[in-house]
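The structure under discussion appears below in the form of structure tokens.
The shown structure was predicted, so the numbers you read here are calculated from the model rather than taken from an experiment. Residue numbers begin at 1 in each chain, while the letters A, B, ... track the order of the sequences.
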Amino acid sequence: MKNQEIAKIFNEIADLLEIKGENPFRIRAYRKAAQNIEGLPKSIEDITTEEILKVPGIGQDLAGKIEEYLKTGRIKAHEELKQEIPEGLLTLLSVPGIGPKTSKMLYEKLKIKNIAELEKLASEHKLIGLPGIKEKTEENILKGIEMLKRGRERHPIGRVLPIANDIVEHLRKNAPVDKIDLAGSLRRCKDTIKDIDILVTSDNPKEVMRVFVHLPHVKDILMQGTTKSTVIIHEDIQVDLRVVEKDSYGAALAYFTGSKAHNIRLREMAMKKGLKINEYGIFRERDEKKIGGEKEDDVYKILGLPYIPPELREDQGEIGAAQEGRLPNLITLEDIKGDLHVHSKWSDGSHTFEQLIEAAKKLGYSYIAITDHSKGLGIARGLTEDRLLEQKKEIDAINKKLKGFKIIHGVEVDIRSDGSLDISDDVLKELDIVVASIHSGFKQSKKQLTHRLSSAIKNPYVSIIAHPTGRLIGERDAYDIDMEEIFSIAKKTKTAIEINAYPLRLDINDTYAKRAKELGIPIVIATDTHIINQFGYMRYGVSIARRGWLGKDDVLNTLDVDKLLKRLKPFK
DNA sequence: GCCGTTTTCGGCCCGACTGTTTTCAGTCG
């Protein structure tokens with residue numbers, strides 16, 4: 001998608017301007033525009049110039065640069081800046097702790113052009129004596145290079161949240177904390193997390209910090225102050241802890257939950273009302289009097305807004321929606337009545353129907369769909385037509401004995417490389433539902449892949465498309481498909497799209513979920529469970545749905561089973 | 001470079017920590 005390419009260039013322009021020491025607001029304008037372009041749910045190529053101008057943070061000039069890029073594949077101003085500033089300076093910027101000033105100075109004084117050179121000179125103590133650099137700074141530069149090598153990549157939320165919760169528990173038990181909450185992108189439930197933000201109140205902040213930096217999780221202490229400390233844990237994730245006063249807790253929670261763009265919008269609104277918002281509270285400009293901040297809701301109330309749930313705080317229209325009273329009533333985990341993508345021992349799952357039923361009942365579900373793999377997926381012991389019919393008999397028998405619970409009989413049928421399905425229509429029509437998905441041939445062209453998915457969607461028996469983009473967070477990118485095309489056919493045929501809740505998938509993602517809702521496409525949230533504890537992944541799927549502005553009514557598996565089957569193709 | 005129910009000019013969010021400084025610049029979130 002061109003959106004990412006343009007965002008990347010704008011960010012690079014911002015970096016270059018920063019090195020040049022340009023007007024900081026101009027730099028911010030580029031970064032803001034980059035962020036907004038990246039968050040667009042549509043490809044920027046499909047948007048008219050007037051619409052581009054409506055994107056916040058994009059005016060005449062940047063719209064022109066976007067057009068220039070789409071037309072010529074480059075932006076002249078960007079090329080010129082690159083001529084002016086050596087490539088190496090940008091690379092140095094990527095080292096944590098090195099900003100534009102240091103980067104420029106290193107280049108000018110020692111002609112350092114890349115990180116390898118920097119590392120060599122630093123380890124030979126050749127940096128000491130440069131302006132503002134002594135032993136400690138040199139040490140920190142080497143540390144920064146180490147961190148960069150380990151990668152500062154984002155981690156899937158499913159991996160980070162359990163660790164974060166464990167740290168919170170440790171602090172609760174061993175440190176004198178009163179209130180304690182996770183903040184940041186973790187609280188906003190982004191699909192990937194860069195670092196863990198924790199906020200607490202305490203009568204003894206110093207002791208909290210002491211306990212924090214000595215937690216068994218901690219590998220390295222980056223900074224330790226009285227109100228703020230930062231550590232790296234063994235999983236190479238950064239953890240920030242902030243301690244604030246009780247009467248500032250709400251303001252601090254809002255502030256550290258972000259997103260940054262959302263906060264800036266709130267502060268701008270506050271300014272216009274003669275107010276000032278920071279992490280300590282809400283203040284009246286004229287006399288500095290504090291008028292709120294103990295509760296998070298204060299921040300919104302004082303601006304005349306309803307409470308905005310953390311998942312929506314991305315500056316993607318939520319503030320406007322709040323002003324106009326049209327914030328969605330978001331779906332919750334409790335709304336989910338059953339899981340529609342579950343594997344059993346019949347294919348590559350680990351449990352019998354009985355075990356799965358028992359686990360599902362414990363979660364308060366009233367149904368699950370058994371959707372074992374089809375024969376094309378040999379590695380997963382996929383089922384043949386005969387085995388599927390055999391499975392149907394067994395499930396029918398079990399259903400007769402069940403009260404207040406139902407097994408929906410389905411299959412996860414493989415979409416072959418030519419777009420045909422791995423199980424014949426004669427057998428598919430015997431099933432309650434059919435989940436279809438791609439498991440191979442990810443490298444096909446956009447046209448081929450789009451054709452495969454649309455062929456499956458057009459099949460009269462296919463109820464749901466599972467993990468439609470095939471991404472595995474941190475391992476495999478989404479495959480190249482024309483999502484607008486897929487959505488438009490799904491809408492026509494009333495085929496449901498899955499939010500796969502498996503933490504590495506989270507597929508479709510929040511942006512697509514929001515788009516799907518706008519188009520009125522039915523959505524299901526399902527876990528792809530292979531072992532019963534994976535039923536718990538549902539929470540991540542619900543988070544994606546919430547981030548996509550989905551309400552209970554937008555998600556089919558909030559319905560009772562009878563209504564559900566009437567709404568799922570082929571509408572039984 | 002963007003933006004406007006005070007404005008088409010003059011604003012633009014705000015604070016903590018570190019290391020190197022004698023009062024603050026740089027970096028980060």
Are any of [X]'s side-chain N or O atoms less than 4.0 Å away from OP1 or OP2 of [N]?
| X | N | result |
| --- | --- | --- |
| A:Thr102 | B:dT27 | yes |
| A:Lys65 | B:dG1 | yes |
| A:Tyr255 | B:dA16 | no |
| A:Thr227 | B:dC17 | yes |
| A:Asn278 | B:dG15 | yes |
| A:Thr137 | B:dT18 | no |

Quick test of your reading: applying ring-ring contact (aromatic ring centres under 6.0 Å, His included), list the pairs with at least one residue in [range], sequence neighbours left out, ordered by first then second residue.
| range | answer |
| --- | --- |
| residues 23-60 of chain A | A:Phe10-A:Tyr30 |
| residues 218-237 of chain A | none |
| residues 62-102 of chain A | none |

In whole Å, I'd like the distance from the [atom1] atom of [X] to the [atom2] atom of [N].
| X | N | atom1 | atom2 | result |
| --- | --- | --- | --- | --- |
| A:Asp195 | B:dT27 | CG | P | 19 Å |
| A:Leu62 | B:dC3 | CG | P | 9 Å |
| A:Ile141 | B:dG19 | CD1 | P | 12 Å |
| A:Lys228 | B:dT18 | NZ | P | 9 Å |
| A:Lys143 | B:dT27 | NZ | P | 18 Å |
| A:Met269 | B:dT6 | CE | P | 13 Å |
| A:Lys276 | B:dC14 | NZ | C1' | 8 Å |
| A:Lys272 | B:dC12 | NZ | P | 12 Å |

Quiz item: If each of A:Asn140 and A:Ile277 is mapped to the nucleotide of DNA chain B with the nearest heavy atom, which maps nearer the 5' terminus, i.e. the 5' end?
Solution: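 Residue closer to the 5' terminus by nearest nucleotide: A:Ile277.
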Self-check item: A:Lys136 vs A:Ser103, nearer the 5' end of DNA chain B by closest nucleotide
Solution: A:Lys136
So [X], base contact, sugar-phosphate only, or nothing? Heavy-atom distance under 4.0 Å.
| X | value |
| --- | --- |
| A:Ser229 | nothing |
| A:Leu222 | nothing |
| A:Ser259 | nothing |
| A:Lys260 | base |

Practice problem: Under 4.0 Å from any atom of DNA chain B, heavy atoms only: list the residues of residues 9-33 of chain A that qualify, in numerical order. | Solution: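 Per residue number, the list reads A:Asn23, A:Phe25, A:Arg26, A:Arg28, A:Ala29, A:Tyr30.
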Quiz item: Is the shortest distance from a Lys or Arg side-chain nitrogen in A:Asp236 or A:Lys219 to a carboxylate oxygen in the other one below 4.0 Å?
Solution: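 Result for this pair is yes, salt bridge flagged.
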Practice problem: Just jot down the side-chain hydrogen bond (donor to acceptor under 3.5 Å, both in side chains) partners of A:Arg265, sequence neighbours excluded, or say none. | Solution: A:Asp315
Distance check, [atom1] atoms only: [N] and [M], in whole angstrom units.
| N | M | atom1 | answer |
| --- | --- | --- | --- |
| B:dC2 | B:dT6 | P | 23 Å |
| B:dT20 | B:dT27 | P | 13 Å |
| B:dT21 | B:dG26 | P | 13 Å |
| B:dG19 | B:dC9 | P | 47 Å |
| B:dC12 | B:dT18 | P | 29 Å |
| B:dG4 | B:dT8 | C1' | 8 Å |
| B:dT7 | B:dG15 | C1' | 28 Å |

Practice problem: Output all residues satisfying salt bridge (Lys or Arg N to Asp or Glu O under 4.0 Å) with A:Asp335, sequence neighbours left out; order by chain, then residue number. | Solution: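 Applying salt bridge (Lys or Arg N to Asp or Glu O under 4.0 Å) to A:Asp335 gives none.
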Quiz item: Hey, does the side chain of A:Asp195 reach the backbone of A:Gln238 with a donor-acceptor pair shorter than 3.5 angstrom?
Solution: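 Flag not set: sc A:Asp195 to bb A:Gln238 has no pair under 3.5 Å.
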Quiz item: Out of B:dG1, B:dC13, B:dT18, which nucleotide sits closest to the side chain of A:Met223?
Solution: B:dT18
Quiz item: What is the ring orientation for A:Tyr512 with A:Phe487, classed by angle as parallel under 30°, tilted 30 to 60°, or perpendicular over 60°?
Solution: perpendicular
Quiz prompt | Pair partner, B:dG1 [Watson-Crick or wobble, under 3.5 Å] | solution = B:dC12
Quiz item: Cationic tip of A:Arg313 within the cone over A:Tyr307's six-membered ring, i.e. under 6.0 Å and within 45° of the normal?
Solution: yes
